[in-house]
Amino acid sequence: MAAQEEKRPPSRTVLMLVVVTLLGLGLGGSLLTVDFGGAFFLDRLRAEVQQTLGCTVDVEDISGNPLGGFALRGFSLSRKDGPLLRAESVRVQLDPYSLLQGAPAPGFLELCGLTLDGPRSMPLLRSLDAAPSTTPLPSLRLLEISISLDHHKLTVDRLNLERRGEVFNLEASLALNTLPLELRGTFDLQGERVVLDDGTFRIGEGEGTLRGSLGTSLDLAGAWNGVRMEDLASVTSSVTSEDRGTSAGRFRAWGLLENPSLSGDLSVDQGVFRGVSLDHGFAAWRFASSRLRVEEARGILNGAPWRGTLSVDFSRPSLWVEGRGVGQELDEAPWRTTLSLPPSLRGHAAQVDLFFQLRGEALEGRAFFQGLSAEFETWALSEGRVLTSFSSEKLSFQGSGRWLGAPLRASGDVITLGDTPRLNASVTLSQLPLERLKELFPDLRQEGLEGKAQLRATLRGSLRAPEILGNVD
C-alpha cells in the first residue's frame with residue numbers, strides 16, 4: 001500500500017499574493033466610493049468653461065472622486081444675460097489614460113433632466129464650435145432632455161453615444177413636438193470629417209437610411225419610405241391634421257457646409273392635401289443658392305392627370321414662387337369645395353394649361369381652358385376655349401364656344417374684391433336661333449320669334465344674378 005502523500009501548507013508567497021489581492025480589491029472598492037478631489041475638479045471645470053465658452057458654471061452639489069467619477073447635482077450654465085441651460089444631474093467619468101498622463105479628460109458624460117432654450121443657446125453652440133480643443137469627444141448619454149426651438153420642442157428620451165477608439169455608435173429615441181423619431185448609426189472621426197456608415201432613422205411609422213461624410217464640406221445620401229403626412233402636422237404648418245398620404249423619396253446633399261446643394265425625388269400615394277386628392281404623385285427636385293426647383297412633377301389631382309414644374313426663390317425678402325402645369329380631363333365636382341364654386345355650376349375641360357407667380361402676397365397668372373363645357377343656372381356652354389388671367393383682386397377672360405346653339409365670343413372681368421364677386425362682361429352671339437331667346441328672357445313673348453340673328457349684350461353686377469343689357473340685329 002502506497003504511503004499517502006502528505007499535504008503541504010500553502011507557501012508564504014501564495015498567501016502574500018492572496019492578502020495583497022484582497023487588500024487591493026477592498027481598497028479599490030473604497031476608493032471608488034470615497035469623496036475626494038471634487039473641489040479641484042470643479043475649479044478646473046469652471047476655468048475651462050469660462051475660457052472656452054465665456055460661461056459661468058453653477059453646481060448645487062458634487063460628490064465622487066477621480067477614480068470612480070463625479071456626480072454633479074443642479075448643474076447650470078449662464079452668462080450675464082441669463083441662464084442658458086440647466087441639468088438635474090451630470091455624471092462624469094474621467095479617462096484612466098488621461099489621469100496617467102496628468103491631463104484629466106472625460107471618458108464618459110451623462111446628462112439627465114436637461115432643459116435648454118435653443119435660440120438663447122445658439123451663441124453657446126457657436127462658441128463651442130469655434131473653440132480650439134485637443135480633448136477627444138467622450139462617450140455620451142442623454143436622458144430626459146427638453147430643448148425649445150422657437151415654435152417647436154425637441155424631447156430626447158434617451159441618447160447613447162458610445163466611443164470605441166475613433167468610432168462611435170449612436171442610438172437615440174426622441175420626439176419633435178409629438179412626432180416620434182429614432183436614430184441609429186456608426187460614424188468614424190477622421191480629422192475634421194465625420195464619416196457615417198449604416199445610419200438608419202425612423203420618422204413616425206416611416207423609416208430611412210443615411211450614409212456619407214460631413215465636415216467643412218459634405219457628401220450625404222439617404223432615402224426614406226412609409227412616412228405619413230398626417231404625422232408631420234405637428235412639426236410643419238404646411239401640413240394639417242386633415243391631410244393624408246404616405247411618402248417615400250431619396251435625397252443627396254453635397255458641397256460646402258455653409259452653402260450646400262441638394263437634390264432628390266419625392267413620391268406620395270393616397271394623399272389628401274387641403275381637400276385636394278393626390279395619387280401616384282412624383283416630384284424630382286434640386287436646391288442650390290437658396291433656390292428650389294421642381295424639375296418634374298406629376299400625379300393624379302382630384303382624379304385628373306397633371307404634370308408641371310415649380311421654382312421657389314428663398315433669397316428675396318419675400319417668398320417668390322413660379323409654377324407651370326398641364327391638366328387633362330378635369331371635372332368641376334372634386335374642386336367645388338376647394339375653389340368655392342357656385343352649387344349650380346357644372347363643367348368639364350379636356351385640358352387646362354396653367355401658369356402662376358406668387359410674389360410675397362401678390363398672386364397672378366394665366367389659365368387656358370380647351371374643350372370646355374359648362375352649365376350655370378339656365379346657361380350652357382359647349383366647345384369652349386377660354387384664356388383667363390388672374391390676380392389676387394381680379395379675373396379677366398376672353399374666349400369662344402357655343403351658347404344657345406350659336407357661336408359665342410365673350411370677354412370681361414370678374415372683380416373678386418369684397419364679399420360678392422361682380423361681373424363686367426360683353427357677349428356676342430352669331431346666328432342665334434331667335435326661338436331660344438326665351439331661355440334668356442322668360443317674359444319674352446314667343447310669337448314672331450323666327451329665324452336667326454346676332455345678339456350683343458353686356459352683363460354687369462353680381463356674378464350670380466347680373467344685369468343683362470343688349471340688342472338683337
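Quantities reported herein were computed from a predicted structural model and do not represent experimental measurements.
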N/O donor-acceptor pairs under 3.5 Å from side chains in residues 260-268, not counting sequence neighbours:
{"residue": "Asp265", "atom": "OD2", "partner": "Arg250", "partner atom": "NE", "Å": "2.9"}
{"residue": "Asp265", "atom": "OD2", "partner": "Arg250", "partner atom": "NH2", "Å": "2.5"}
{"residue": "Ser267", "atom": "OG", "partner": "Ala248", "partner atom": "O", "Å": "3.4"}

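- With a 4.5 Å cut-off on side-chain heavy atoms, Leu196 and Arg211 do not count as touching.
- Shown are Leu85, Asp58, Leu114; of these, the side chain to side chain contact (heavy atoms under 4.5 Å, CB included) with Phe75 is made only by Leu85.
- Scored by the side chain to side chain donor-acceptor pair (under 3.5 Å) test, Ser315 finds Asp313 as partners (sequence neighbours excluded).
- The two residues Gln431 and Ala406 come nearest to each other via the heavy atoms O-CB, 3.6 Å.
- Between His348 and Asp331, the shortest heavy-atom distance links the atoms ND1-OD1, 2.6 Å.
- The minimum heavy-atom distance linking Glu332 with Gly347 is given by the pair OE1-N, 3.0 Å.
- In this structure, a donor-acceptor pair under 3.5 Å is absent between the side chains of Thr209 and Thr200.
- Heavy atoms only, all atoms of each residue included: Pro106 and Val92 are closest at CB-CG1, 4.0 Å.
- Distance alone, capped at 3.5 Å, is enough to place a donor-acceptor pair between the Asn302 side chain and the Ser277 backbone.
- Here the closest non-hydrogen pair linking Gln270 and Asp279 is N-OD1, 2.6 Å.
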**OP:** Before giving the answer on side chain to side chain contact (heavy atoms under 4.5 Å, CB included), spell out for Trp320 and Phe314 the whole-Å C-alpha distance, their side-chain angles and the decisive distance to 0.1 Å.
**Re:** CA-CA 7 Å; Trp320 282 38; Phe314 296 97; over 6 Å; no
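- Judged by distance alone, the side chain of Glu144 and the main-chain N or O of Gly113 form no donor-acceptor pair under 3.5 Å.
- Distance alone, capped at 3.5 Å, places no donor-acceptor pair between the Asn424 side chain and the Arg460 backbone.
- When the shell of 6.0 Å around CZ of Arg252 is examined, it contains more than 12 heavy atoms from other residues, nucleotides or ligands.
- The main-chain N or O of Arg291 is never found under 3.5 Å from a side-chain atom of Ser289 such that the two would form a donor-acceptor pair.
- Heavy-atom minimum distance, Val427 versus Ala410: CG2-CB, 4.2 Å.
- Between atom CG of residue Leu183 and atom CZ of residue Phe201 there is a gap of 8.5 Å, rounded to the nearest 0.5 Å.
- The pair Glu48-Arg46 does not count as a salt bridge, with every side-chain nitrogen at least 4.0 angstrom from each carboxylate oxygen.
- The pair Glu60-Arg86 counts as a salt bridge, with a side-chain nitrogen and a carboxylate oxygen less than 4.0 angstrom apart.
- In terms of modelled atom types and a separation under 3.5 Å, the side chain of Thr388 and the main chain of Ala367 share a donor-acceptor contact.
- Heavy atoms of other residues, nucleotides or ligands lying less than 6.0 angstrom from CD of Gln357 number more than 12.
- Here OG of Ser426 is found 11.5 Å from CZ of Arg409. Values are rounded to the nearest 0.5 Å.
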**OP:** Show your reasoning for whether side chain to side chain contact (heavy atoms under 4.5 Å, CB included) applies to Ser78 and Leu84.
**Re:** CA-CA 5 Å; Ser78 60; Leu84 297 177; 5.7 Å; no
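- For the 3.5 Å distance criterion, the side chains of Asp197 and Thr186 fail to qualify, holding no donor opposite an acceptor.
- Formation of a donor-acceptor pair under 3.5 Å by the Arg316 side chain with backbone atoms of Leu319 is not found in this model.
- Using bins of under 30°, 30° to 60° and over 60° for the plane-to-plane angle, the ring pair Phe187/Phe168 lands in the parallel bin.
- The line from CD of Glu393 to CG of Leu395 is 13.0 Å long, rounded to the nearest 0.5 Å.
- Under a 3.5 Å cut-off, the side chain of Thr246 and the backbone N or O of Val227 do not form any donor-acceptor pair.
- The pair Arg286-Glu295 meets the salt-bridge criterion, since a charged nitrogen lies less than 4.0 angstrom from a carboxylate oxygen.
- Judged by distance alone, the side chains of Trp403 and Ser382 never bring a donor and an acceptor atom under 3.5 Å apart.
- For Phe70, the ring pair (Phe, Tyr, Trp, His ring centres under 6.0 Å) partners at least two apart in sequence or on another chain are Phe41.
- The environment of CZ in Arg359 is crowded: more than 12 heavy-atom neighbours from other residues, nucleotides or ligands sit within 6.0 Å.
- The residues Asp188 and Arg193 are annotated as not salt-bridged, no charged nitrogen and carboxylate oxygen being separated by less than 4.0 angstrom.
- Within a 6.0 Å sphere centred on CZ of Arg141, heavy atoms belonging to other residues, nucleotides or ligands number more than 12.
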**OP:** Dump the intermediate steps for side chain to side chain donor-acceptor pair (under 3.5 Å) on Ser146 and Thr115, then the final yes or no.
**Re:** CA-CA 5 Å; Ser146 178; Thr115 302; 5.5 Å; no
**OP:** Would you please test Phe355 and Phe368 for side chain to side chain contact (heavy atoms under 4.5 Å, CB included) and show each step?
**Re:** CA-CA 9 Å; Phe355 168 78; Phe368 181 38; over 6 Å; no
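- For the pair Arg346 and Glu375, the salt-bridge criterion is not met [side-chain N within less than 4.0 Å of a carboxylate O].
- You'll find the side chain of Ser389 reaches within 4.5 Å of the side chain of Ser396, heavy atoms only.
- Between the side chains of Asp353 and Gln351, at least one donor-acceptor pair of N or O atoms lies under 3.5 Å.
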